[in-house]
2 protein chains.
Amino acid sequence: MNYSRQRAEVLDQIREHEDHPTADVIFAELRQKDPSISLATVYRNLKLLSDLGEIRKLSFVSGADHFDSTIKPHYHFVCERCGKVYDIPMKVAEALDSEAEMYIPGAITGHDLVFRGICDECGALEGSRDSQK
Amino acid sequence: MNYSRQRAEVLDQIREHEDHPTADVIFAELRQKDPSISLATVYRNLKLLSDLGEIRKLSFVSGADHFDSTIKPHYHFVCERCGKVYDIPMKVAEALDSEAEMYIPGAITGHDLVFRGICDECGALEGSRDSQK
DNA sequence: TTATGTGCAAATCATTTGCAAGATC
DNA sequence: GATCTTGCAAATGATTTGCACATAA
């Protein structure tokens, strides 16, 4: 047989997200279905699954790591206000890698591209109610 | 007058690095010159200086945040083996922002591009002594 | 003399780990 | 029964915060 019950639950739960949840979000959601699951197990399985290449760990947001169920390379957008992470379905520019390789003392295997800005949700809030801190 | 002694020390110390040190590296170095400076002060001033735009906080490396004395937008290379962060002096592709904007629900203000790979130092180690682990 | 900044220690947050008990082969 | 996993609690690492004292405008 394959994955333990908990391991499968963690993987399933991530796959239900189009966004990219953090470990504690996954944990909170799983707790509903499986009140005995522990946070350590969630962390252990997130690590294991991303080592196996089943999911991808996103470390580029400040604070907690996010997890992505899509392993195929793609770009992201992070809202600077709310911190949400969205996928961007644009084409990955492999040409960038070879261009960069000319400038650096090493071999490039890939790149992460993260766009920053304000998502429409946060932008709308600000537009309607006047903007401030 | 302007910055407190400690604040100025922190800023100076970062500016002495071509690489991108973490808070505890800065702290350890400053301790030599100024044995009474505290880690909390280093953190407080790093935060303040990056809020002021004097330095830039890099959150895209796993683990501790790194700090960059160059505020002008530029790209980075992170060695997956040793974790070192290098600058890449290639041209920033602003065109990417407008391209991405067509795909997402929000306004883009910029992007971070981080190349991953193995730096020559780490590559050499591996090449000479055979690779394993 | 009011605001600002500091050092220290305790607090917080994200994540990892040791260990005894549980599940699986 | 050996091995892999779990849940729990304690440990760790990075960063922040409360507070009394120091410093500066």
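Predicted model, so just to flag it, every value in this text is computed and none were measured. Scope of the values below: all heavy atoms of this structure, side chains included, with no hydrogens, waters or symmetry mates. To find a chain, count down the sequence lines: A is the first, B the second, and so on, and within it residues start at 1.
At least one side-chain nitrogen or oxygen of A/Gln6 sits closer than 4.0 Å to the OP1 or OP2 atom of D/dG7. Under 4.0 angstrom from either OP1 or OP2 of D/dT15 there lies at least one side-chain N or O belonging to B/Tyr43. Look at A/Asn2 and you won't find any side-chain N or O under 4.0 angstrom from OP1 or OP2 of C/dT24. Using a 4.0 Å cut-off, some side-chain N or O of B/Thr41 falls inside it from OP1 or OP2 of C/dG7. Distances shorter than 4.0 Å separate none of the side-chain N or O atoms of B/Arg44 from OP1 or OP2 on D/dT16. For A/Ser36, no side-chain nitrogen or oxygen approaches OP1 or OP2 of D/dT6 to under 4.0 Å. Phosphate proximity of C/dA14 to A/Thr22: absent, as no side-chain N or O sits under 4.0 Å from OP1 or OP2.
Residues A/Ala40 and A/Leu48 each lie close to DNA chain D; by heavy-atom proximity, the contact nearer the 5' end of the strand is made by A/Leu48.
Among the nucleotides D/dT15, C/dA14, D/dT16, the one closest to any side-chain atom of B/Asp65 is D/dT15. Picking from C/dG7, C/dT6, C/dT15 the nucleotide with the shortest atom distance to the side chain of B/Ser4 gives C/dT6. Taking the side chain of B/Ile37 as heavy atoms from C-beta on, and the options C/dG7, D/dT6, D/dT16, the nearest nucleotide is C/dG7.
Note: CZ (B/Arg5) to P (D/dA25) measures 14 Å, nearest angstrom.
Residue contacts for A/Asp24: at a heavy-atom cut-off of 4.0 Å it reaches no nucleic acid atom on any strand shown.
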